[in-house]
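These notes concern the structure reproduced below.
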Number of protein chains: 2
Amino acid sequence: MNNESEKKDLFGICPYFTSQKVLSGKWALLILHYLEEKTLRFKELERALAPITQATLTKQLRNLEEHGLITRTVYNTIPPKVEYSLSELGHQFKPVLDSLEKWGELYIAHMERKDF
Amino acid sequence: MNNESEKKDLFGICPYFTSQKVLSGKWALLILHYLEEKTLRFKELERALAPITQATLTKQLRNLEEHGLITRTVYNTIPPKVEYSLSELGHQFKPVLDSLEKWGELYIAHMERKDF
DNA sequence: CAGAATCCCGAAAGATACTG
DNA sequence: CAGTATCTTTCGGGATTCTG
């Protein structure tokens, strides 16, 4: 059904708009990058992404989870243990990360050239 | 020199942060996509990106220009004519656009599957 | 440990009106 | 045509506090 999630724009129609929404999160790319290497616990991610705050990390993770990129696994132990890993859709994002990383380096080199 | 452009984060150090800044513009990807095909005038872009507003389009273009991705060419004619095209750095972004487009389609397919 | 709940703030987008 | 100038609004990120 076309409910409230109809949003207002081309989300769900145009690949670029779709991607933009997912990637607009400040830490999204970093999170995907780290999870690409291996499954991580909440605390491990928090440390890797320092100085991110707990609240922000939670939001970013929820966002990526809702978009189907990551999987959240809860272990009912004491103390609690929650692991995050990439879903299939998340792993399929790898090519984007790779090309993005390469371009980012080109960009940085470009900036250094015109130093200022 | 490390002036005010030092910002506050890893911009200029980490490729992902760098990319994130550039791509965070709501229309950035679309603009790059259209300019990848051919040079366009302001009005042409505006039509292609409808319902974007003039003010917003101007901001997005200035942003991409400052980041060195696009080139702005002004013809002193009446009426005025301004053309936008990709710089070398902009063209080097192509692989990202391609991989992003492919993933975006996977994402859309994924959403349709779990329809809701 | 892994969060949830609030509050706050700045940046970005949109709406609108005006101009060389 | 290709903007600029304002104003308003929205939204996401960060800080802080509390909890099972």
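Below, read A as the first sequence line, B as the second, and so on, with proteins coming before strands; counting in each chain starts at 1. All figures in this text were calculated on a predicted structure; none of them were measured in a lab.
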**Residues within residues 34-45 of chain B bordering DNA chain C, heavy-atom distance below 4.0 Å** = none

**Message:** Rounded to whole Å, please give me the gap between CZ in B:Arg47 and C1' in D:dG3.
**Reply:** 15 Å

**Message:** Short of 4.0 Å, heavy atom to strand atom, which residues of residues 71-78 of chain A count as contacting DNA chain C?
**Reply:** A:Arg72

**Asked** Where the side chain of A:Val82 is concerned, which of D:dT4, C:dG3, D:dG14 is the nearest nucleotide?
**Response** C:dG3

**Prompt:** With distance as the sole test, does A:Ser87 use its side chain to make a donor-acceptor pair with the main-chain N or O of A:Gly68 at under 3.5 Å?
**Reply:** yes

**Message:** Could you work out, with salt bridge (Lys or Arg N to Asp or Glu O under 4.0 Å) as the rule, every residue matching B:Lys43, not counting sequence neighbours?
**Reply:** B:Glu46

**Message:** Can you measure B:Leu61 atom CG to D:dC1 atom P for me and round it to whole angstrom units?
**Reply:** 16 Å

**Prompt:** Taking only residues two or more places apart in sequence or in another chain, which ones pass side-chain hydrogen bond (donor to acceptor under 3.5 Å, both in side chains) with B:Ser99?
**Reply:** A:Ser99

**Prompt:** With sequence neighbours excluded, what pairs up with B:Tyr16 under the ring pair (Phe, Tyr, Trp, His ring centres under 6.0 Å) test?
**Reply:** A:His33

**Request:** Please give the angle, rounded to 10 degrees, between the axes at the start and the end of the helix from C:dC1-D:dG20 to C:dG20-D:dC1, where five pairs define each axis.
**Result:** 50°

**Item:** Centroid separation B:Phe17 to A:Trp27 less than 6.0 Å
**Value:** yes

**Item:** Protein-nucleotide distance (B:Arg62, atom CZ; D:dA5, atom P), rounded to Å
**Value:** 11 Å

**Complete:** Sorted by chain and residue number, the side-chain hydrogen bond (donor to acceptor under 3.5 Å, both in side chains) partners of A:Glu44 (sequence neighbours excluded) come out as none

**Fill in**
note: A:Leu57, atom CG; D:dG13, atom P; distance rounded to Å ~ 12 Å

**Item:** side-chain contact (heavy atoms from CB on, under 4.5 Å) between B:Leu106 and B:His110, intermediate numbers included
**Value:** CA-CA 6 Å; B:Leu106 287 176; B:His110 172 266; over 6 Å; no

**Complete:** Nucleotide by nucleotide, nucleotides 15-20 of chain D touches protein heavy atoms under 4.0 Å in the pattern (B base, S sugar-phosphate only, - none) BB---B

**Message:** If hydrophobic clusters are built from ILVMFWY residues whose side chains come within less than 4.5 Å, do B:Ile78 and B:Val82 share one?
**Reply:** no

**B:Phe42: partners by ring pair (Phe, Tyr, Trp, His ring centres under 6.0 Å), with sequence neighbours left out** = none

**Asked** Under 4.0 angstrom, heavy atoms only, what part of the nucleic acid is A:Glu46 near: base, sugar-phosphate, or nothing?
**Response** nothing

**Asked** What residues form a side-chain hydrogen bond (donor to acceptor under 3.5 Å, both in side chains) with B:Thr71, not counting sequence neighbours?
**Response** none

**Prompt:** DNA chain C: A:Pro79 or A:Thr58, which has the more 5' nearest nucleotide?
**Reply:** A:Pro79

**Message:** A:Glu36: which residues meet the side chain to side chain contact (heavy atoms under 4.5 Å, CB included) condition with it, sequence neighbours left out?
**Reply:** A:Leu86, A:His91, A:Lys94

**Prompt:** Are OP1 or OP2 of C:dG3 and a side-chain N or O of A:Tyr84 less than 4.0 angstrom apart?
**Reply:** yes

**Message:** Using the side chain to side chain contact (heavy atoms under 4.5 Å, CB included) criterion, which residues pair with B:Glu88? Sequence neighbours excluded.
**Reply:** B:Gln92

**Message:** Do B:Leu69 and B:Ile31 have side chains that approach each other closer than 4.5 Å (heavy atoms only, starting at C-beta)?
**Reply:** no

